[in-house]
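Have a look at the structure below, then the notes.
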Amino acid sequence: MRGTEAVINFHDSSASSSNLLFPDRRGGDAYYSPNLRRKLTDKLLGYIRLILSDGASRNIFMFLCLNLSFAFVELFYGIWSNSLGLISDSFHMFFDCTALLAGLVASIITKWRPNNKFSYG
């Protein structure tokens, strides 16, 4: 259902609100695909395999997981002990994790094969 159709149906008194909020998954929603879950799972597992197959990407991924775990522990303990220093340092670690994530994405992109659109890979 497109945006203008949703507005028209929302203002239509004869339209049932349950169909707008929860469209029929078998045919009412144009964006739903029955194989969507399988496709997303296959894509995610492919990226995980790609990360774990290369030593540098694997090290970045493991350090990202370690850094995230320390950041969450530090945030939890900072909130529990009411320590602004621990809370601010945990947010600093979260920003470090975004830099690690950018590096991980870059290491994944370098492994893409060239095609007609992107001749450099």
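Start at 1 with the first residue, then count along the sequence. No experiment lies behind these values; they were computed from the predicted model shown.
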Rounded to the nearest 0.5 Å, how far does [atom2] of [Y] lie from [atom1] of [X]?
X: C65; Y: F70; atom1: SG; atom2: CZ; answer: 12.5 Å
X: K39; Y: D42; atom1: NZ; atom2: CG; answer: 10.0 Å
X: F61; Y: I108; atom1: CZ; atom2: CD1; answer: 9.5 Å
X: E74; Y: S69; atom1: CD; atom2: OG; answer: 11.0 Å
X: L84; Y: D89; atom1: CG; atom2: CG; answer: 11.0 Å

Under a 4.5 Å side-chain heavy-atom rule over Ile, Leu, Val, Met, Phe, Trp and Tyr, are [X] and [Y] clustered together?
X: F72; Y: L86; result: no
X: Y77; Y: I87; result: no
X: I51; Y: L101; result: yes
X: F63; Y: L50; result: yes
X: F91; Y: I79; result: yes

With a 4.5 Å cut-off on side-chain heavy atoms, are [Y] and [X] touching?
X: I109; Y: V105; value: yes
X: S53; Y: R58; value: no
X: L64; Y: C97; value: yes
X: N35; Y: R38; value: yes
X: L66; Y: M62; value: no
X: L75; Y: F94; value: yes

Smallest separation among heavy atoms of S107 and S57, with atom names: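 Answer, listing the atom of S107 first, then S57: OG-OG, 2.9 Å.
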CG/N82: more than 12 non-hydrogen atoms of other groups inside 6.0 Å: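 Incorrect, the count does not exceed 12.
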Working for side chain to side chain contact (heavy atoms under 4.5 Å, CB included), residues L104 and L100: CA-CA 6 Å; L104 186 63; L100 286 170; over 6 Å; no
